[in-house]
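For reference, the structure is listed below as structure tokens.
Positions are given from 1, in the same order as the sequence printed here.
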Amino acid sequence: MTKENILEALQYIKPMEDYDDWLRIGMALKHEGFDCSVWDNWSKGARNYEEGVCQKKWETFNGSSKPITGATIIEIAKRNAYRYINYDTGGCVDFSDDLSGDDRKELTPVEQFRLYLKTLFYPEDHVGIITEDAFQDPKDKRWKPRKGYYDKTVRELLASLDKYPDELADTVYSWKDEAGAWIRINPLDGKDALKENVTRYEYTLIECDEGTMEEQIEAYKRFRLPIAAMVSSAGKSVHAVVKIHAPNYEEYRKRVEFLHRYLLKHDLKIDKANKDPNRMSRLPGATRNGKVQKLLAVNIGEKDWFSWLDFIEDQDAGLPPIENYVKSIETKPIQLPEELIYGVLRQGHKMLIAGPSKAGKSYLLMQLGLCISAGRKWLKFQCRRARVLYLNLEIQEESFRKRLNFLQESLKMTDGEASNFDMWNLRGKALPLNKLVPKLVRRIKGQNYGAIIIDPIYKVIFGDENSASDMGQFCNEFDKIALETGASIIYCHHHSKGAQGQKNMIDRSSGSGVFARDPDAILDIIQLDLDRGFVLDNCDNPLATGWQIEGTLREFPPFEPIKCWFDFPLHVVDEKGVLDGKSPKGSIEANLSKSSKRSVDYGKRHEEFDKAYELALMGKDYATTKDIGDVLGVSVRTVQSRLKEYEDDYESVKGEVRRR
């Protein structure tokens with residue numbers, strides 16, 4: 001119960017109608033932390049209201065050992081058909097909650113009907129009821145309702161239920177047990193029971209044609225329908241009186257049509273005939289063939305029509321519910337997904353492998369796929385054995401299979417170990433990823449793939465590669481695959497043009513910075529600067545190249561850069577350490593080392609500056625003060641200071657440095 005409940009309930013109580021109730025309401029408001037002005041403003045509706053009386057009484061309310069709480073206001077309001085909604089749970093009540101509230105007792109037929117009336121109607125509403133007026137159709141032998149009666153108000157019916165608490169038939173008249181009894185779900189004007197006589201378009205009836213009652217209830221729960229009341233038909237179906245709250249008949253028709261389309265689209269087999277606002281549902285508490293048409297629940301699911309629209313929008317968008325952290329820990333203990341590549345990637349997460357053209361990225365990815373298939377070590381990382389699907393988007397099919405065969409032989413891998421590796425060759429047939437994903441998911445859902453490797457992604461990119469918005473949507477497609485299949489998504493991308501050695505590893509991928517933020521793991525491969533003599537001295541294959549693999553991981557501690565040889569067709573970790581000290585091509589360290597110009601001691605300051613300028617120039621017309629500072633390992637301010645010393649040899653305009 002919240003303050004919102006209490007203020008809402010006050011609207012159902014006439015001030016000063018009962019003096020004792022008036023005092024109890026004041027005490028309850030004070031106990032719940034309201035200001036006296038709330039009680040005073042409400043009391044102004046009384047004919048005998050006097051200014052200042054509420055304040056005087058308020059000051060005498062000092063509490064007691066058994067305080068009067070807001071629950072008292074709720075109970076008084078319920079006498080006037082106040083419909084209590086639990087706003088603590090967003091207006092939603094669990095389907096397992098007992099209808100009788102804190103009493104936790106089984107409701108009698110009279111109590112069921114009373115709760116139903118108070119939940120759906122206002123005191124002056126006329127209600128249509130069909131009991132005695134039922135007939136058996138000679139064709140199908142089914143019992144069917146006629147018009148019934150419609151001249152009684154809710155207030156009159158409630159008074160009768162109070163007068164005759166032991167027998168429902170004393171209020172609604174006797175019904176034929178073979179037929180049961182019905183009640184119209186929307187209020188009438190008391191003149192007739194046609195749809196033209198409906199006074200408010202509050203509810204529609206949802207009834208399933210298939211499935212057990214338990215399955216129907218589970219479906220209503222799954223769709224979180226905004227149900228005012230749920231009643232057993234005492235037959236094969238469960239009736240859900242769903243809140244529509246339409247302002248007029250036209251809007252009512254539109255909302256009911258939308259609801260039907262949505263449920264049918266999501267494979268709920270409902271009775272499509274239940275569209276008229278004067279439609280009948282089963283009257284709770286009555287019997288049918290000896291079974292009670294039982295009131296199963298009230299005010300469940302979403303609290304109203306618009307909340308339900310928000311819910312289905314979230315559902316269709318795949319959005320999860322908002323959860324309380326502490327409660328989530330209690331109900332869902334933390335269980336991290338298994339590691340697929342130990343220390344690098346978990347099941348269902350995403351990994352990007354980036355590198356320059358012709359770096360052997362595809363061989364590295366195929367090697368990874370085979371290692372996962374076999375449960376072997378890849379580079380320095382042990383893999384858990386799992387099924388792999390490789391989306392080959394670039395290589396001709398026969399060449400791809402030949403490469404796999406070559407890799408399998410080089411890894412000395414048996415056919416049994418490679419048997420978990422599947423491939424989908426899509427060269428020349430690839431679609432934009434948002435078009436490909438539904439087809440992919442449909443083919444592989446439920447097949448328990450541990451990893452899906454997509455090589456390369458430029459073949460399936462849609463949108464502008466340099467647009468953060470477009471690439472954000474593109475990367476969302478990887479999440480869809482992971483969510484629908486449970487597989488880890490491993491994809492390959494290329495570096496941007498130009499030297500990459502001086503860039504941070506996460507900034508080397510071509511296009512938007514989204515590629516540096518979206519994956520759970522990024523592995524970047526960059527070539528080491530090795531001269532031919534060094535390769536010949538240290539590797540049996542004269543065509544081998546040296547590489548450095550760096551990583552940034554969201555779920556695991558960072559690892560030291562891995563130096564390896566691309567000794568065709570395998571990437572082999574340099575276990576001997578011969579590549580230690582070798583730097584990536586284009587890096588300052590490599591440039592300085594290559595020119596024998598390490599920054600330990602350059603001799604004279606002017607000579608040091610000249611050499612740094614040449615390195616920073618790199619074939620351009622000018623070098624920037626920042627470039628020179630990066631080479632020297634000093635700040636731009638220090639470079640500017642030295643330029644003043646060498647102004648006879650250099651000129652600097654807006655950070656651009658040229659020789660005179």
Side-chain angles (χ1 to χ4, degrees), residues 107-117 119-121 125-154 156-161 163-199 202-210 213 216 228-242 270-296:
L107 298 182
T108 67
V110 167
E111 289 170 335
Q112 290 183 47
F113 186 52
R114 179 188 287 115
L115 179 57
Y116 185 92
L117 290 174
T119 301
L120 267 67
F121 303 103
D125 287 338
H126 288 84
V127 180
I129 294 174
I130 303 92
T131 49
E132 296 174 313
D133 196 11
F135 71 99
Q136 190 173 26
D137 191 316
K139 294 181 180 179
D140 59 16
K141 304 302 180 182
R142 295 176 61 186
W143 285 91
K144 298 180 181 180
R146 290 192 174 92
K147 187 175 291 188
Y149 63 92
Y150 37 79
D151 57 343
K152 290 185 179 293
T153 66
V154 170
E156 291 170 332
L157 291 168
L158 291 174
S160 178
L161 292 173
K163 185 177 180 180
Y164 306 108
D166 299 324
E167 185 55 60
L168 181 59
D170 290 339
T171 295
V172 301
Y173 307 134
S174 298
W175 59 87
K176 300 178 179 70
D177 185 64
E178 316 92 279
W182 294 266
I183 182 170
R184 298 188 189 274
I185 58 175
N186 282 303
L188 304 170
D189 60 10
K191 299 175 182 178
D192 207 332
L194 303 174
K195 62 183 180 182
E196 291 80 9
N197 299 102
V198 172
T199 57
E202 299 254 19
Y203 311 106
T204 190
L205 179 65
I206 293 297
E207 179 184 4
C208 287
D209 294 329
E210 298 180 3
M213 293 177 64
Q216 293 171 39
M230 187 164 63
V231 181
S232 163
S233 69
K236 297 180 179 179
S237 63
V238 175
H239 289 197
V241 181
V242 177
I270 62 171
D271 185 346
K272 294 181 282 187
N274 292 332
K275 292 184 178 180
D276 289 337
N278 63 331
R279 195 72 182 180
M280 294 160 285
S281 179
R282 287 291 169 173
L283 190 149
T287 57
R288 180 185 177 195
N289 293 319
K291 295 182 179 180
V292 178
Q293 298 174 174
K294 188 176 180 181
L295 180 61
L296 301 174

Residue pair Phe121 / Thr153, side-chain heavy-atom distance below 4.5 Å: no
Heavy-atom pair of closest approach, residues Thr287 and Trp175: O-NE1, 3.1 Å
I want to check something: taking the side chain as every heavy atom from C-beta on, are Leu120 and Ile183 in contact at a cut-off of under 4.5 Å? no
Distance check, rounded to the nearest 0.5 Å: Met280 atom CE versus His239 atom NE2? 10.5 Å
Could you tell me whether the side chain of Tyr173 and the main chain of Glu132 form a donor-acceptor pair under 3.5 Å? no
Determine, stepwise, if the pair Ile206 / Asn274 fulfils side-chain contact (heavy atoms from CB on, under 4.5 Å). CA-CA 7 Å; Ile206 293 297; Asn274 292 332; over 6 Å; no
Show the nearest heavy-atom pair for residues Thr131 and Ser174, with the distance to one decimal. CB-O, 3.6 Å
Within the distance-only criterion (no hydrogens, no angle test), does the side chain of Gln293 pair as donor or acceptor with the backbone N or O of Arg282 below 3.5 angstrom? no
Looking at Asn278, is its backbone amide N or carbonyl O close enough to the side chain of Asn186 to form a donor-acceptor pair, meaning the two atoms are under 3.5 Å apart? no
Under a 3.5 Å distance rule, please check whether Asp177 uses its side chain to pair with a backbone N or O of Asn289 as donor and acceptor. yes
Of all the heavy-atom pairs spanning Trp143 and Ala134, show the shortest one and how long it is. CZ3-O, 4.0 Å
Does CZ belonging to Phe135 count more than 12 external heavy atoms closer than 6.0 Å? yes
Nearest-0.5 Å distance, CD of residue Glu156 to OG1 of residue Thr171: 11.5 Å
Please determine, by modelled atom types, if Thr199 and Asp189 share a side-chain donor-acceptor pair under 3.5 angstrom. no
Does any part of the side chain of Val241, heavy atoms only, come nearer than 4.5 Å to the side chain of Tyr116, both counted from C-beta? yes
Determine whether Val127 and Val154 make a side-chain contact, defined as any pair of heavy atoms from C-beta on separated by less than 4.5 Å. yes
Say you draw a straight line from CZ of Arg184 to CG of Leu194; how long is it, rounded to the nearest 0.5 Å? 8.0 Å
How long is the gap from CE on Met213 to NZ on Lys294, to the nearest 0.5 Å? 9.5 Å
What is the minimum heavy-atom distance between Pro109 and Gly285, and which atoms define it? CB-O, 3.4 Å
Taking Tyr164 for its side chain and Ala169 for its backbone only, find out whether a donor-acceptor pair lies under 3.5 Å. no
Measuring from atom CG of Leu295 to atom CD of Glu111, what distance do you get when rounded to the nearest 0.5 angstrom? 11.0 Å
Without swapping roles, check the side chain of Gln216 against the backbone of Lys236 for a donor-acceptor pair under 3.5 Å. yes
What are the two closest non-hydrogen atoms of Ser160 and Asp170, and how far apart are they? OG-O, 4.1 Å
Out of Lys144, Gln136, Arg142, which one pairs with Asp140 under the side chain to side chain donor-acceptor pair (under 3.5 Å) rule? Lys144
Val110 versus Glu167: any side-chain heavy-atom pair under 4.5 Å? no
Output, in order, the C-alpha distance, side-chain angles, deciding distance and verdict of side-chain contact (heavy atoms from CB on, under 4.5 Å) for Leu158 and Arg114. CA-CA 7 Å; Leu158 291 174; Arg114 179 188 287 115; 3.7 Å; yes
Do the non-hydrogen side-chain atoms of Val242 and Leu205 ever get within less than 4.5 Å of each other? no
Apply side-chain contact (heavy atoms from CB on, under 4.5 Å) to residues Leu188 and Val198 and explain how you reach the verdict. CA-CA 4 Å; Leu188 304 170; Val198 172; 4.0 Å; yes
For Ala234 against Arg288, the heavy-atom pair lying closest together: CB-CB, 3.8 Å
Could you grab the distance from atom CZ of Arg279 to atom CH2 of Trp182, nearest 0.5 Å is fine? 11.5 Å
Give the intermediate values and the outcome of side-chain contact (heavy atoms from CB on, under 4.5 Å) for residues Ile129 and Phe113. CA-CA 12 Å; Ile129 294 174; Phe113 186 52; 4.0 Å; yes
